[in-house]
Undergrad: 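Have a look at this one.
Chain A is the first sequence line, chain B the second, and so forth, proteins listed ahead of strands; every chain is numbered from 1.
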Amino acid sequence: MDLINFEATELRLGLPGSTDDQPEIKSTTSHKTNKRSSSEMVSSVSDEHDSSRSPPPTKAQVVGWPPVRSYRKNILQGKKNDQAETGSGIYIKVSMDGAPYLRKVDLKVYQSYGELMKGLQDMFKCIIGLYSEMEGYKSEYAPTYEDKDGDWMLVGDVPWDMFLTSCRRLRIMKSSEVIES
Amino acid sequence: MTYSFPEEVLEHVFSFLTSQNDRNAASLVCRTWYEMERWCRKRIFVGNCYAVNPRVLIRRFPEVKAVELKGKPHFADFNLVPEGWGGFVYPWIVEFARVYPWLEEIRLKRMVVTDECLEIVSKAFRNFKVLILSSCEGFSTDGLAAVAANCRNLRVLDLRECEVEELSGHWLSHFPDSFTSLESLNIACLSLEVSFSALERLVSRSPNLKTLRLNRTVPLEKISKLLQRAPQLADFGTGAYSAEIRPDVYSSLQEAFSGCKKLKSLSGFWDVVPAYLPAVFPVCSQLTYLNLSYATTQSPDLIKVISQCHNLQRLVVLDYIEDMGLDTVAVTCKDLRELVVFPSDPFVADANVLLTEEGLVSVSQGCSKLQSVLYFCRQMSNSALISISKNRPNLTCFRLCILEPRAPDYLTFEPLDVGFGSIVENCKELTRLSMSGLLTDRVFEYIGKHAKKLDMLSVAFAGDSDLGLHHVLSGCESLRKLEIRDCPFGDKALLANASKLLTMRSLWMSSCFVSFGACKLLGQKMPGLNVEVIDERENLNLLPENAPVEKVYIYRTVSGQRLDMPDFVRIMGKDKNGVYNLL
């Protein structure tokens with residue numbers, strides 16, 4: 001089928017790129033719709049190399065990207081949700097060395113370790129401080145937790161979501177008692 | 001001199017032709033061979049259910065025993081095809097029920113299957129044996145109950161990643177006590193609990209059961225019982241792999257696994273409690289397939305399992321495996337043919353795990369038989385891709401997904417053109433390629449020049465101009481499936497290569513710059529193609545001809561117009577009667 005000679009439209013069929021009046025292709029188009037999936041970049045590339053210590057930004061999601069089946073996305077989400085589904089939250093016991101009684105916190109309320117620390121701080125009126133891998137907790141106390149296997153771990157090593165599913169109870173220990181491995 | 005080959009002899013010879021391509025070729029030799037072949041073809045494969053009409057099919061092939069159909073385009077897996085687009089199997093099932101009472105096998109992929117379809121299947125085909133539904137939807141557990149109750153000779157019921165409306169788990173109990181022919185059962189995608197005692201009884205009375213893939217609700221403590229009843233299993237999928245740590249549960253689980261001398265495939269592993277993983281150690285060295293892609297377990301625990309899997313051929317994991325785990329794979333799994341690494345947290349920009357391009361390079365170095373890769377990661381470099389291509393020129397399928405669209409080489413900040421170019425140049429047997437990262441028209445030039453055996457190409461957020469698309473359409477001789485999203489490709493390359501589209505199964509382009517006018521023109525000029533514009537915007541008729549469409553799906557067809565389109569699908573350039581309007 002020879003399409004080279006048809007005149008019916010303005011569209012020409014020379015090799016693309018060989019003509020001069022190809023308008024520069026922009027990544028936005030002038031029509032009104034909010035259903036069209038965006039071809040604009042979601043976040044600029046330079047963000048990849050941003051070394052600030054802010055928490056990982058949640059991306060504005062492009063439809064169908066990355067190409068992972070929805071049930072697979074949901075499995076990990078579902079994992080997070082399973083924990084949260086028991087009533088209204090993930091309530092775990094918190095003990096603090098020297099405190100006369102235990103407390104309970106709802107882990108679901110917090111989005112990150114930082115928020116959890118702040119919450120615990122407020123609850124026990126102590127300063128737990130920020131955690132760094134090099135130096136451990138810079139304060140009198142160190143937060144530890146018992147995981148699914150029954151081991152006592154220092155809070156902060158695993159990704160937050162993983163922590164949510166494996167934490168059974170919290171214990172705020174005096175730093176002097178923490179044995180660093 | 002004329003002589004005729006006795007029909008029986010010809011039929012016997014044809015019985016050795018199993019590939020559909022070979023049969024198609026044989027049927028073109030002469031009229032006699034065409035007639036002979038069509039009467040004895042037993043297996044049919046239709047790669048696009050809209051390429052051909054069921055009536056035409058059954059008219060040509062009267063004695064079919066097994067049918068395989070595919071419906072929606074691949075990008076439907078990622079929610080790019082709107083709900084209701086099509087792929088309805090019902091009209092096919094109705095025709096089959098009418099004409100093929102001895103149909104034994106139905107395999108469907110990405111199709112809409114209703115309970116009514118399943119009812120018909122369960123009652124119309126006396127000797128029905130195999131039902132495999134892959135990424136299908138539209139049916140409920142009632143449909144499954146009908147299959148269970150009525151298919152007396154069923155051997156395979158395989159629900160792969162289907163979306164099932166689950167009304168109850170009771171459907172499994174509909175298999176009658178007299179039913180003993182089951183060989184393969186895969187219910188991994190179901191979320192409702194099925195009666196364990198019904199399952200146990202079913203397993204007990206199925207001596208030929210080779211494949212059993214449970215769903216998440218089957219508790220770990222009960223698996224031992226099932227394995228004890230079916231020690232002949234070759235393929236097993238656990239349910240949730242977690243329980244309170246109890247020595248008795250652990251030891252009976254380990255003992256049960258030890259008893260499975262024929263076990264080669266292991267999957268499932270939702271909610272893994274690492275302490276229970278060693279229970280599978282007795283079977284590790286037998287395994288050729290291991291799927292840990294639901295196990296949100298850290299690398300050290302994964303390594304303990306994988307380091308014993310010396311005979312592994314296919315591995316599917318999450319990126320929790322990390323580079324360190326992949327080093328272990330490279331050293332241990334010398335027979336590895338396929339590696340799949342899924343992302344654990346795809347929407348977080350920063351890496352949550354230590355998985356980089358190095359892991360893949362390591363496996364490409366250590367595993368000399370590696371042919372197929374699907375790898376999700378956050379960074380890639382041209383040098384890594386070049387290394388991979390030189391290590392593994394025998395790659396046939398290479399799918400790389402760098403999570404950030406348009407991410408450049410993280411070392412040099414250049415596009416990844418040269419890296420992917422190296423892949424297509426060195427891997428001469430490459431049949432499937434998916435690319436990601438920052439890519440210019442250059443990479444398409446390489447692909448058009450070198451990827452002569454490429455059958456399927458997936459492209460996203462790549463290229464600069466129509467030249468890119470032109471390189472691919474004009475250069476890739478073996479190309480049959482092309483899917484493109486969010487690329488600046490427009491009308492020119494498409495129209496200039498219109499005839500190429502007749503040699504392909506399909507072309508998908510979404511969020512590109514293909515205009516209504518071009519779609520209409522293509523549809524008018526090419527009666528052998530359906531040019532479907534899939535566009536959910538209102539007031540489409542008010543848009544100018546040069547406005548880009550949201551999505552276009554172009555496929556060759558001999559069946560003419562679809563009659564089952566929703567309102568957001570338009571077949572361009574053909575009037576309602578299927579008469580082609582040539583300007």
Undergrad: Between B/Ile402 and chain A, with a heavy-atom cut-off of 4.5 Å, which part of the residue counts as in contact: side chain, backbone, both or neither?
TA: backbone

Undergrad: At their closest point, which heavy atom of A/Pro66 faces which heavy atom of B/Phe376, and how far apart are they?
TA: CB-CE2, 4.2 Å

Undergrad: Suppose we screen for side chain to side chain donor-acceptor pair (under 3.5 Å). Which residues come up paired with B/Glu137, at least two apart in sequence or across chains?
TA: B/Lys72

Undergrad: Examine whether an atom of B/Glu244 lies under 4.5 Å from a heavy atom of chain A, and if so say whether it belongs to the side chain, the backbone or both; otherwise answer neither.
TA: neither

Undergrad: Under a 4.5 Å heavy-atom cut-off, does chain A meet the side chain of B/Ala460, its backbone, both or neither?
TA: side chain

Undergrad: About how many Å separate OG of A/Ser70 and CD of B/Glu163, when rounded to the nearest 0.5 Å?
TA: 6.0 Å

Undergrad: Under the rule for ring pair (Phe, Tyr, Trp, His ring centres under 6.0 Å), what residues qualify as partners of B/Tyr375, not counting sequence neighbours?
TA: none

Undergrad: Please classify the contact between B/Ser135 and chain A as side chain, backbone, both or neither, with a heavy-atom cut-off of under 4.5 Å.
TA: both

Undergrad: Return yes when atom CD of B/Glu538 has more than 12 non-hydrogen atoms of other residues, nucleotides or ligands closer than 6.0 Å, and no otherwise.
TA: no

Undergrad: Any idea which heavy atoms bring B/Leu80 and A/Val63 closest together, and the distance?
TA: CD2-CG1, 3.8 Å

Undergrad: Checking A/Arg72 side chain against B/Tyr294 main chain: does a donor-acceptor pair fall under 3.5 Å?
TA: no

Undergrad: Looking at A/Trp65 and B/Glu404, would you say the former's side chain and the latter's main chain have a donor-acceptor pair under 3.5 Å?
TA: no

Undergrad: Do you know the tightest heavy-atom contact between A/Val68 and B/Pro343?
TA: CG2-CG, 3.8 Å

Undergrad: Checking A/Pro159 against chain B: side chain, backbone, both or neither under 4.5 Å from a heavy atom?
TA: side chain

Undergrad: Can you tell me if CZ on B/Arg442 sees more than 12 non-hydrogen neighbours from other groups inside 6.0 Å?
TA: no

Undergrad: If you compare all heavy atoms of B/Thr296 against all heavy atoms of A/Met162, which two are closest, and at what distance to 0.1 Å?
TA: O-CE, 3.9 Å

Undergrad: Do A/Arg69 and B/Phe342 form a cation-pi contact, if we require the NZ or CZ to be under 6.0 Å from the six-membered ring centre and within 45 degrees of the ring's axis?
TA: no

